[in-house]
Amino acid sequence: MLSGGKGTRLRPLTFTCAKQLIPVANKPILGYVLDQIKETGITNVGVITAPETQQNVKDYVQNGSEWGFNVAYIPQKPLGLAHAVKTAQPFLTEDSFVMCLGDNVTGQGIKGFVEKFQNQNLDALIILKEVDDPTRFGIAQLDNEGTIVRLVEKPKTPMGNLAIIGTYLFSSKVHQAIEHIKPSWRGELEITDAVQEMANRGFKVKAEILNSWWLDTGKKDDILSANAKILDEYVKRNVEGEVENSAIEGRVNIAQGAKVVNSTVRGPSVIGRNAVVKDSFIGPYTSVGDNSHVIQSHLEYSVLLENVVVENVERLEDSLVGKNAKVSRNKKASTIKLHIGDFSEVNV
Ligand code: G1P
């Protein structure tokens with residue numbers, strides 16, 4: 001399980017939080033990936049960490065007992081996904097393994113892929129999904145039978161639109177291939193090159209096209225769409241908090257200690273622990289983090305992290321608000337007053 005990387009495209013949130021720990025539907029993305037690993041029956045989990053966010057990840061995963069895992073932490077310098085495999089070799093030994101990127105979630109989990117990999121006695125199984133912008137990903141070219149012809153990491157002139165998603169299954173033969181690849185133009189040992197090398201060596205390498213959604217939560221809009229997808233998929237109506245003079249419509253989860261007063265909350269949405277919603281409308285596809293306050297505001301298709309205050313804001317949409325941030329209306333309607341962190345984005 002990889003949880004390194006700098007998360008530069010998700011700044012400023014990633015100044016204080018590993019990108020894999022950014023919550024969607026009030027639960028870190030990494031948590032959904034760990035749930036999907038648990039479904040496969042795998043219990044030995046090596047977590048690759050980066051120095052900057054190692055503690056953050058450890059605080060969340062701890063000893064893995066929440067999932068029934070034995071967890072080993074494996075620090076790595078950010079030198080590529082194949083470098084991560086190389087670093088983890090003493091942990092992996094000669095075993096076959098699944099490599100998951102901690103910020104990639106799919107709608108179908110990974111159990112089926114593990115079964116296919118084992119039943120067909122493969123050396124590598126990669127999962128593909130059509131994308132709009134192939135230059136952002138590792139891309140696979142297949143022939144008519146679905147056999148891999150070529151794999152290229154972030155091609156400048158793409159030979160197709162099938163991206164390699166962040167779930168890979170390998171036999172120990174991947175280590176031989178990694179010994180023979182060189183760093184790419186971005187200075188990283190690419191897993192894409194390692195899989196190509198495995199194919200060149202005649203190892204049993206297969207690709208499967210994903211038939212559900214896939215989210216790579218690398219930037220703001222991805223977090224918002226991941227939030228929407230996960231709310232759609234997982235949220236059940238469950239009202240534990242206090243509701244007073246309010247309409248709770250559809251699949252809404254109101255956590256313990258939360259208070260909703262004189263408001264409408266429309267699902268799918270979640271309201272975190274000890275959050276307060278007062279005289280407000282919380283629209284569909286919205287997550288309000290623990291201890292956040294939404295007062296006299298209208299909020300839709302948005303994610304508020306913990307301890308956020310939104311006050312007197314007529315309409316906030318498509319927004320991602322970091323921990324302890326405050327968004328409020330200025331009484332002088334023609335003036336905008338800002339106090340925002342580095343790398344923030346404000347659209348007025
Ligand atoms: C990495 C892989 C790339 C893959 C992508 C999936 O990219 O190198 O092949 O398509 O993950 O998220 P990176 O996140 O390093 O840019």
Side-chain angles (χ1 to χ4, degrees), residues 1-6 42 44-50 72-104 110 113-114 116-129 131 134-143 145-160 162-209 216:
M1 154 68 73
L2 274 74
S3 68
K6 294 206 171 75
I42 291 171
N44 288 326
V45 178
V47 180
I48 302 271
T49 56
Y73 289 97
I74 307 166
Q76 186 229 351
K77 289 191 195 120
L79 295 174
L81 300 184
H83 179 266
V85 174
K86 200 172 171 173
T87 310
Q89 196 180 357
F91 164 80
L92 295 165
T93 61
E94 290 300 302
D95 291 342
S96 294
F97 63 97
V98 183
M99 174 165 96
C100 296
L101 306 186
D103 56 354
N104 270 239
I110 51 182
F113 303 133
V114 172
K116 177 172 179 173
F117 177 84
Q118 286 176 325
N119 293 342
Q120 300 190 11
N121 214 2
L122 301 178
D123 290 313
L125 176 62
I126 55 170
I127 321 299
L128 309 175
K129 182 75 187 169
V131 290
T135 58
R136 275 179 58 199
F137 301 99
I139 297 297
Q141 187 180 7
L142 305 182
D143 67 13
E145 270 86 60
T147 309
I148 297 169
V149 177
R150 202 157 61 105
L151 303 169
V152 182
E153 183 61 31
K154 305 200 172 58
K156 293 221 164 62
T157 41
M159 2 50 99
L162 288 174
I164 306 169
I165 74 158
T167 309
Y168 309 78
L169 295 92
F170 291 117
S171 76
S172 63
K173 288 191 179 152
V174 69
H175 304 297
Q176 286 176 41
I178 292 172
E179 284 311 310
H180 288 91
I181 60 167
K182 303 239 147 39
S184 63
W185 60 268
R186 60 172 174 167
E188 296 192 1
L189 277 185
E190 306 288 354
I191 200 69
T192 306
D193 295 342
V195 180
Q196 175 76 65
E197 182 67 25
M198 290 180 87
N200 295 349
R201 289 175 171 253
F203 298 159
K204 265 180 102 178
V205 178
K206 281 219 169 152
E208 177 165 335
I209 299 175
D216 172 6

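In this chain, numbering begins with 1 at the start of the sequence shown. Since the structure is predicted, the reported quantities are computational estimates derived from the model, not experimental observations.
Residues Ala82 and Ala194 approach most closely at CB-CB, 4.5 Å, considering heavy atoms. When all heavy atoms are compared, the tightest approach of Thr192 to Gly138 is OG1-CA, 4.2 Å. Nearest heavy-atom pair, Ser96 versus Ser171, reported as atom, atom and distance to 0.1 Å: OG-CA, 3.6 Å. Residues Pro155 and Pro134 approach most closely at CD-O, 3.6 Å, considering heavy atoms. Gln176 and His180 make their closest contact through O-ND1, 3.0 Å (heavy atoms, listed as atom of the first residue, atom of the second, distance). In terms of heavy-atom proximity, Ala140 sits nearest to Leu151 at CB-CD2, 3.4 Å.
For the side chain to side chain contact (heavy atoms under 4.5 Å, CB included) with Leu142, the lone residue among Thr147, Val149, Leu162 that qualifies is Leu162.
Between Leu81 and Leu101, the closest side-chain pair of non-hydrogen atoms falls below 4.5 Å. Looking only at side-chain heavy atoms (C-beta outward), Val174 and Val85 come within less than 4.5 Å of each other. Taking the side chain as every heavy atom from C-beta outward, Met159 and Val152 approach each other to under 4.5 Å. Annotation: side chain of Leu2 is not in contact with side chain of Cys100 (no heavy-atom distance under 4.5 Å). Counting heavy atoms from C-beta on, the side chains of Phe113 and Val98 never come closer than 4.5 Å. In this structure, the side chains of Ile165 and Leu128 stay at 4.5 Å or more apart for every pair of heavy atoms. Between Asp95 and Leu92, every side-chain heavy-atom pair lies at or beyond the 4.5 Å cut-off. Counting heavy atoms from C-beta on, the side chains of Phe170 and Val195 come closer than 4.5 Å.
The NZ atom of Lys129 sits 9.0 Å away from the CD1 atom of Ile209 when rounded to the nearest 0.5 Å. Within the model, atoms CD1 of Ile164 and CD1 of Ile139 stand 7.0 Å from one another, a figure rounded to the nearest 0.5 Å. Put simply, CE on Met198 and CD1 on Ile148 are 10.0 Å apart, with the number rounded to the nearest 0.5 Å. Distance check, rounded to the nearest 0.5 Å: CD of Glu208 to NZ of Lys116 gives 4.0 Å. Between Phe117 atom CZ and Ile126 atom CD1 the span is 12.5 Å, to the nearest 0.5 Å. To the nearest 0.5 Å, atom CD1 of residue Ile48 and atom CZ of residue Phe91 are 9.0 Å apart.
The residues Lys204 and Asp123 are annotated as not salt-bridged, no charged nitrogen and carboxylate oxygen being separated by less than 4.0 angstrom. Taking a cutoff of 4.0 Å between a charged side-chain nitrogen and a carboxylate oxygen, Glu190 and Lys154 do not qualify as a salt bridge.
Other residues, nucleotides and ligands contribute at most 12 non-hydrogen atoms within 6.0 Å of the NZ atom of Lys6.
Looking only at distances, no side-chain donor or acceptor of Gln141 sits under 3.5 Å from a matching main-chain atom of Arg150.
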**Request:** Verify side-chain contact (heavy atoms from CB on, under 4.5 Å) between Ile74 and Thr87, making sure each step is shown before the conclusion.
**Result:** CA-CA 8 Å; Ile74 307 166; Thr87 310; 4.0 Å; yes

**Prompt:** Which is it for Thr167 and Met99 under the side-chain contact (heavy atoms from CB on, under 4.5 Å) test, yes or no, and what are the steps along the way?
**Reply:** CA-CA 6 Å; Thr167 309; Met99 174 165 96; over 6 Å; no

**Request:** Starting from the C-alpha separation in whole Å, work towards a yes-or-no answer on side-chain contact (heavy atoms from CB on, under 4.5 Å) for Asp103 and Asp216.
**Result:** CA-CA 6 Å; Asp103 56 354; Asp216 172 6; 4.0 Å; yes

**Leu125 and Tyr168: CA distance, side-chain angles, deciding distance, side-chain contact (heavy atoms from CB on, under 4.5 Å) verdict** = CA-CA 6 Å; Leu125 176 62; Tyr168 309 78; over 6 Å; no

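Donor-acceptor pairing under 3.5 Å is lacking for the side chains of His83 and Glu188.
Ring geometry for His175 against Phe97 counts as parallel: the plane angle stays under 30°, on a 0 to 90° scale with 60° as the upper cut.
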